Amino acid sequence: MKTVRVRFAPSPTGRLHIGGARTALFNWAYARRLGGKFILRIEDTDLERSKLEHERAILEGLSLLGLDWDEGPDVGGPFAPYRQTERLERHRAYAAKLLDTGAAYACFCSSERLEALREGQSARKEKPAYDRKCASLTAEEVAARRGAGEKPVVRFRVPEGTTRFIDHVRDEVAFENKEVDDWIMVRADGMPIYNFVVVCDDIDMGITHVFRGEEHLVNTPKQVLLYEALGATAPEFGHLPLMLGTDGKKLSKRTGDTALQDYLERGYPKAAIVNFLCLQGWALNGTTEIFSIEELVANFDIKDVTKAGAIFDIDKFQWMSGEYIRKYSVDELADLCTPYIVRAGLASEAQLAERRSWYLEVVRGEQERIRTFAELPARIAFLFAEDGAVPYEAEALKNARKQAAGLATLADYRTWLAEALAQGKSTAELRDATKAWVTARGIKMPVLFQPLRCSLTGQPGGPDLFDLIRLLGGDHALARIDAGLQRLSAPDGSPT
RNA sequence: GGCCCCAUCGUCUAGCCCGGCCUAGGACACCAGGUUUUCAUCCUGGCGACAGGGGUUCGAAUCCCCUUGGGGUCACCA
């Protein structure tokens, strides 16, 4: 059994697409499961759009997800280089060989002619295809036109017949060759094109399995034909179902974030991203939703991948993210959230470090309420607000005002609390004593707690109020109650 | 439009390859209760699908065909 060699071959023309991340993940898992090699290759033959910064970002994204590669542009390997533009010599040699055997031919048709050709075809409702005008040029003609300075493209001469290949996701797929156009392998400027280089490099790098997105399914016959023309054995394929937007179409910016980076910035834990990606087209056993990347590796098989496209369900993703958030220790979660708090401008990293134990309490209080790291700042912003100007959310205000006796109760409680605080009551004592105080007055808990919560936090929900009083500090809590007494009686609850 | 791929709850899926154990299981979302000082967490319950039609078979979500629907792709992009 030959060693499995799979690759992920992104083009550095933008940020890492979330679908690309899943493709990488499945390739990686397949290699790791079978003890094979996972190779990273950069497809940068599109000189216009390829950028080194994109390449760096992509590598970084993969690393963050915990995917490591055995060979690649940064780590090298036995088949270096791993950037396609650095392999031009090899590609040229293959092209020359194909030209030599007649499997490919030079084509001098201009872009303009091709465009006109296509226009005419589609106007006549014919399928757009090259008319093979240059397919029968003699060697002499080609040489003459080259000599005259004309720059031809190189086209693949598609033979007759039917092309079949193994697809591990959907069994065998077949295409009639007559449906395949005489596609361009090399541009007029000498730069080879994707469908051509990918085959050259996969051959040179000994790639045994090609798992990629379903949008490449129609490219496959072109490539398989090329393997045959080159006398090479085609690898086995596996076309992964597309990740769809809520409109049911290929995930695009129209319907949601498409870049891995977007989700990282939105504060989804990496492990949650990996876990969720697994579920788009694959299932561990149908009942286990939460599992680790190690479990993926131990159980992954390309044959178990679903055939149908999967709509990216952000609701489920957020739920899963929350599950991961709750699994962290408070300490870890605090560290993970820190950048988001800093970015929101609530506090600097140094300030949070200074008040580490306070910060940990804050995080502990919100851990079961947030689903992403990025949700924390908005939830705790009230802690950093001016006592007299805590923003009141409409819902909080409504809840507070629903209590007819709320204001009077809060006023009385304010006096009682000041006294209790002065006595140095602990949080637990304060909590118990307050409940006793409420009970003694013969009123329901919310009568006090709603206006109190609104005054203190301005939010309709949140952690235990006595934990909050400790976090705020007694003086601040009292100041906020004083402000609340005023603001709750004002028509719009605005700070005075 | 041609070609190709696909088709189980609203969504992600298990089951399908090797028909019976499926009165189709799980999860998210949603709804209703419970717990709670609120929100959240947590717990309980509910809603909810084999696209349609033909076959094959004692028996089909599972096999075959057709229809319908959806998607992908038709570049000197990848």
Side-chain angles (χ1 to χ4, degrees), chain A residues 9-14 43-46 48-50 107 109-111 114-115 118 122 125-129 151-155 167 169-171 173-176 178-181 183-189 191-195 197-198 212-221 239 241-242 244 246 248-250 276 279-290 303 306-320 322 326 366-371 379 395-396 399-400 431 434-435 438 444-450 452-454 457 459-466:
Chain A
S11 72
T13 54
E43 314 233 328
D44 56 351
T45 52
D46 183 343
E48 305 274 312
R49 299 190 296 153
S50 294
C107 169
C109 294
S110 67
S111 308
L114 262 18
E115 205 172 311
R118 275 193 293 268
S122 59
K125 292 191 173 173
E126 294 169 10
K127 58 178 177 187
K151 300 274 188 228
V153 300
V154 178
R155 282 185 187 273
D167 187 303
V169 175
R170 28 200 115 233
D171 297 328
V173 180
F175 285 83
E176 292 302 322
K178 65 177 190 302
E179 301 295 340
V180 183
D181 203 11
W183 52 283
I184 293 172
M185 294 170 19
V186 185
R187 297 174 173 91
D189 67 2
M191 277 304 286
I193 283 206
Y194 167 76
N195 276 312
V197 267
V198 75
R212 65 218 318 187
E214 194 187 335
E215 70 266 28
H216 287 287
L217 192 56
V218 293
N219 283 325
T220 311
H239 289 92
L242 258 19
L244 277 17
T246 45
K249 298 186 196 308
K250 197 160 74 160
F276 186 70
L279 258 24
Q280 298 282 293
W282 188 77
L284 183 58
N285 53 29
T287 56
T288 310
E289 309 286 334
I290 307 285
K303 290 184 174 63
T306 306
K307 296 181 182 61
I311 293 173
F312 192 92
D313 183 1
I314 198 75
D315 281 336
K316 185 159 183 174
F317 189 21
Q318 288 186 336
W319 161 77
M320 179 166 282
R326 270 165 248 130
E366 296 292 343
Q367 181 162 25
E368 65 195 25
R369 261 166 282 268
I370 60 175
R371 294 173 303 179
R379 292 206 56 89
E395 184 76 11
N399 291 346
R431 186 182 296 119
T434 298
K435 285 180 181 172
V438 170
K444 299 272 188 199
M445 296 289 181
V447 176
L448 168 65
F449 285 113
Q450 291 289 8
L452 180 57
R453 178 171 294 281
C454 183
T457 73
Q459 295 186 345
D464 174 82
L465 281 173
F466 302 95

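The chains referred to below are lettered A, B, ... by the order of the sequence lines, with proteins before strands, and numbering in each begins at 1. No experiment lies behind these values; they were computed from the predicted model shown.
At a cut-off of 3.5 angstrom, the base of rC5(B) holds no donor-acceptor pair with the side chain of Arg170(A). No N or O donor and acceptor, one from the side chain of Glu126(A) and one from the base of rG2(B), sit under 3.5 Å apart. Asn219(A) contributes a side-chain N or O that forms a donor-acceptor pair with the base of rA78(B) under 3.5 Å. Below the 3.5 angstrom threshold, one finds a donor paired with an acceptor across the side chain of Lys316(A) and the base of rC12(B).
The closest donor-acceptor contact from the side chain of Arg155(A) to the backbone of Trp183(A) lies at 3.5 Å or more, if one exists at all. At least one donor-acceptor pair under 3.5 Å links the side chain of Thr457(A) to the backbone N or O of Gln459(A).
Each of Glu214(A), Arg212(A), Arg170(A), His216(A) was compared with His239(A) under the side-chain hydrogen bond (donor to acceptor under 3.5 Å, both in side chains) criterion, and only Arg212(A) meets it.
With C1' as the reference atom, rA14(B) and rC5(B) are 22 Å apart, rounded to whole Å. Across the C1' atoms, rG1(B) and rU56(B) are found 36 Å apart, a figure rounded to whole Å. Straight-line distance between the P atoms of rU13(B) and rG20(B): roughly 23 Å, to the nearest whole Å. A gap of 15 Å separates the C1' atoms of rC22(B) and rC9(B), to the nearest Å. Between rA32(B) and rG25(B), the two P atoms lie 24 Å apart (nearest whole Å). When the C1' atom is used for both rG26(B) and rG72(B), the distance is 30 Å, rounded to whole Å. As rounded to the nearest Å, rC63(B) and rG2(B) have P atoms that lie 28 Å from one another. When the P atom is compared between rC28(B) and rA40(B), the two are found 15 Å apart, to the nearest whole Å.
When heavy atoms are screened at a 4.0 angstrom cut-off, Pro460(A) is found touching base atoms of the nucleic acid. In this structure, Glu289(A) reaches the bases: a heavy-atom distance under 4.0 Å links it to at least one base atom across the strands shown. Across all strands, Leu465(A) comes closer than 4.0 Å to base atoms (heavy-atom distances). The residue Gly281(A) sits close only to the backbone: its heavy atoms come under 4.0 Å of sugar-phosphate atoms, none of a base. At a threshold of 4.0 angstrom between heavy atoms, the contacts of Phe175(A) are confined to the sugar-phosphate backbone, with no base atom among them. Among the protein residues, Cys454(A) comes within range of no part of the nucleic acid, since none of its heavy atoms lies under 4.0 Å from any strand. At the heavy-atom level, Gly462(A) lies under 4.0 Å from base atoms of the strands shown. Note on His239(A): nothing from the nucleic acid sits closer than 4.0 angstrom, heavy atoms only. Within 4.0 Å of Ser11(A), counting heavy atoms only, lie sugar-phosphate atoms of the nucleic acid but no base atom.
Within the structure, every side-chain polar atom (N or O) of Ser122(A) is placed at least 4.0 Å from both OP1 and OP2 of rG1(B). Distances shorter than 4.0 Å separate some side-chain N or O of Arg118(A) from OP1 or OP2 on rA75(B). When the side-chain nitrogen and oxygen atoms of Lys127(A) are compared with OP1 and OP2 of rU73(B), none of them lie within a distance under 4.0 Å. The phosphate of rC28(B) (OP1 or OP2) has no side-chain N or O of Arg371(A) nearer than 4.0 angstrom.
Here rA40(B) is the nucleotide among rC6(B), rA40(B), rA27(B) with the atom lying nearest to any side-chain atom of Glu368(A). Ranking rC42(B), rA78(B), rC76(B) by closeness to the Ala188(A) side chain, first place goes to rC76(B). Taking the side chain of Thr306(A) as heavy atoms from C-beta on, and the options rC5(B), rU13(B), rG72(B), the nearest nucleotide is rU13(B). In this structure, the nucleotide among rC5(B), rC39(B), rA78(B) sitting nearest to the side chain of Glu214(A) is rC5(B). Among rC76(B), rA14(B), rC5(B), the nucleotide with an atom closest to any side-chain atom of Leu217(A) is rC5(B). When the nucleotides rC12(B), rA29(B), rA78(B) are ranked by their closest atom to the side chain of Gln280(A), rC12(B) comes out on top. Candidate nucleotides rC74(B), rU13(B), rG71(B) were compared by shortest atom distance to the side chain of Pro128(A), and rC74(B) ranks first. In the set rU73(B), rA29(B), rC39(B), the nucleotide with an atom closest to the side chain of Arg369(A) is rC39(B). For Lys250(A), counting side-chain heavy atoms from C-beta on, the closest listed nucleotide (rA27(B), rG72(B), rU13(B)) is rG72(B). Listed nucleotides rG26(B), rU38(B), rG10(B) differ in distance to Asp313(A); the shortest reach to its side chain belongs to rG10(B).
The pairing partner recorded for rG48(B) is none, the criterion being a Watson-Crick or G-U wobble arrangement whose two distances lie under 3.5 angstrom. Judged by Watson-Crick or G-U wobble contacts below 3.5 Å, the nucleotide rC9(B) has no partner. The base-pairing partner of rC17(B), taking Watson-Crick or G-U wobble contacts with both distances under 3.5 Å, does not exist among the strands shown. Base pairing annotation: rA24(B) forms no Watson-Crick or G-U wobble pair, as no partner gives both donor-acceptor distances under 3.5 Å.
Nearest-nucleotide assignment on RNA chain B puts the 5′-proximal partner with Glu176(A), out of Glu176(A) and Arg187(A). Annotation: of the two residues near RNA chain B, Ala174(A) and Lys249(A), the 5′-most nearest-nucleotide partner is Ala174(A).
Ring-plane geometry between Phe276(A) and Phe317(A) is classed as parallel, the angle between the planes falling under 30 degrees on a 0 to 90 degree scale with a further cut at 60.
The CD-P distance, from Gln318(A) to rC30(B), rounds to 11 Å in whole Å. Protein atom CZ of Phe276(A) is 16 Å distant from nucleotide atom P of rA27(B), rounded to whole Å. Put simply, CZ on Arg453(A) is 15 Å from P on rU36(B), counting in whole angstrom units. Atom CD1 of Ile193(A) and atom C1' of rA75(B) are 8 Å apart (whole Å).
At most 12 non-hydrogen atoms from other residues, nucleotides or ligands lie less than 6.0 angstrom from NZ of Lys444(A).
Taken to the nearest 0.5 Å, the CZ atom of Arg371(A) stands 7.5 Å off from the CG atom of Asp315(A).
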What do the steps show when you test Thr220(A) against Val173(A) for side-chain contact (heavy atoms from CB on, under 4.5 Å), and what is the final call? CA-CA 10 Å; Thr220(A) 311; Val173(A) 180; over 6 Å; no
Take Val198(A) and Asn219(A) through the test side-chain contact (heavy atoms from CB on, under 4.5 Å) and record every step on the way to the result. CA-CA 11 Å; Val198(A) 75; Asn219(A) 283 325; over 6 Å; no
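Leu217(A) places a side-chain heavy atom less than 4.5 Å from the side chain of Asp167(A).
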